[in-house]
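When a ligand or atom number is given, it counts from 1 through the structure's own listing order. Small disclaimer: the values here were computed from a predicted structure and weren't measured.
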Amino acid sequence: MTLVELVFVYGVYYREILRSRQAVANDKRKEPPVLRQVAEGVLIHESEFCQSNAVVVQGRAGVLLIDPGVLGPEMAAVADDLRELGQPVVAGFSTHPHWDHLLWHARLGAAPRYGTARCAATGRDQLADPRAKARIAERLIPPDIAGQVPLDLLGLITGLAGETRQIPWDGPEVRIVEHQAHAPGHAALLIEERGVLVAGDMLSDVLIPMLDLNGTADPIKDYLAALRLLEGVAEGVDVLIPGHGSTGGADQVRARIGQDRAYVHALRDAQVPSDPRVGPSATYDWVLGVHARQLQQLAQRSERDGTSG
Ligand SMILES: [Zn+2]
């Protein structure tokens, strides 16, 4: 072998070594995708925290991100997936003003974030107190994840005027179905073109209906009205995405509306609900405590109304 041949062969060999090293490095850097497609152009990420679902809807120039997630590393992983797909976040939406639906991560970018007018106003009121974030961190976020929840961009949403029927963005029509049930200004979102209903904190298979017991005169009546409203838009829905829990198919929409209605009836009548979400095989044992608290608060309310009226 001549010197020239030797240099050439060694050169090829050396390039191969470099390439394989690079491949190993790339392999290490590349995490598996966290987003999972549930309908055409609709992907979700389920958080380790309370099975919270972040929802991505693909539009023409980027995606709409609904309830982005809870843990910082998880939201960053969603941002990485979207970067990989070449799809920037062009709009955000929070279904309701509870901390676990109002979060954001810097890596998701600076797209406008929306909520209903009542949702935004409630969030703004809560966060007006300079100690609000510290209180959320102390009292609402479980201690084991508190360090992983980035609160700096919490609640920075713009309220959509009351008559706004759809999210203003360049993508499939996303209809806002606002109702009074779980929280002020709570909205479900209907993406008719994709057969998807994003239910916010309604219609979960792991959490019972949690009523907004402070902001309304008749929370039971409001919740039942909200379920009727969802029933009215359920026709043609193939995929149901709850704020927490598993996604469901067409049959699950009516099944879960029925299950939530039965629970609310049991709560109203102070009966023991026959509901798997608070039964012996419940996913979260603390949900039984939520049920007991709701029962107690409703009893106090009716006692108070009884004596005052
Ligand atoms: Zn909630």
Side-chain angles (χ1 to χ4, degrees), residues 44-55 65-71 74-75 92-104 113-127 132-133 135-137 139-142 145-146 149 151 154-157 159 176-189 197-216 219-220 222-227 229-230 240-247 256-257 259-260 263-264 267 277-278 282-284 286-291 293-294 297:
I44 65 165
H45 170 255
E46 190 187 290
S47 173
E48 275 174 35
F49 171 76
C50 206
Q51 289 177 255
S52 305
N53 290 311
V55 185
L65 180 57
I66 305 160
D67 293 351
V70 177
L71 306 178
E74 289 182 337
M75 286 190 278
F93 189 87
S94 288
T95 56
H96 64 286
H98 285 165
W99 69 271
D100 51 332
H101 299 260
L102 290 172
L103 294 159
W104 197 259
R113 296 160 56 191
Y114 303 111
T116 64
R118 283 195 74 196
C119 171
T122 306
R124 208 168 32 241
D125 286 353
Q126 284 164 357
L127 292 168
K133 284 184 185 175
R135 231 178 2 239
I136 289 171
R139 297 187 196 164
L140 298 177
I141 302 179
I145 62 160
V149 181
L151 291 177
L154 181 81
L156 301 179
I157 60 170
I176 300 166
V177 186
E178 184 177 350
H179 48 270
Q180 178 62 46
H182 168 75
H186 189 279
L189 298 172
L197 179 66
V198 178
D201 277 5
M202 310 277 287
L203 314 186
S204 169
D205 60 333
V206 293
L207 304 182
I208 49 171
M210 296 182 187
L211 280 59
D212 179 13
L213 293 167
N214 299 315
T216 167
I220 295 275
D222 288 344
Y223 210 100
L224 293 172
L227 290 173
L229 187 69
L230 294 181
L240 164 71
I241 308 171
H244 306 275
S246 359
T247 57
R256 291 195 197 174
I257 289 172
Q259 182 170 256
D260 276 3
Y263 172 81
V264 176
L267 190 63
R277 297 169 294 185
V278 285
T283 307
Y284 300 112
W286 52 266
V287 177
L288 192 57
V290 172
H291 167 61
R293 220 161 31 242
Q294 297 199 119
Q297 286 182 11

Given P209, which partner from the list Q259, H182, R277 fulfils the side-chain contact (heavy atoms from CB on, under 4.5 Å) test?
R277
H98 atom (N/O/S) at minimal separation from the Zn ion (ligand 1)
ND1
Suppose we only count N/O/S atoms under 2.8 Å; would H101 qualify as near the Zn ion (ligand 1)?
no
Have a look at the Zn ion (ligand 1) and estimate, to 10 degrees, the angle subtended by NE2 (H96) and NE2 (H182).
100°
Polar side-chain atom of E46 near backbone of T247 as donor-acceptor pair, under 3.5 Å
no
May I ask you to say whether R118 pairs ionically with D125, meaning some side-chain N is under 4.0 Å from a carboxylate O?
no
N, O or S atom of D201 closer to the Zn ion (ligand 1) than 2.8 Å
yes
What do you reckon, is CD of E48 surrounded by more than 12 foreign heavy atoms closer than 6.0 Å?
no
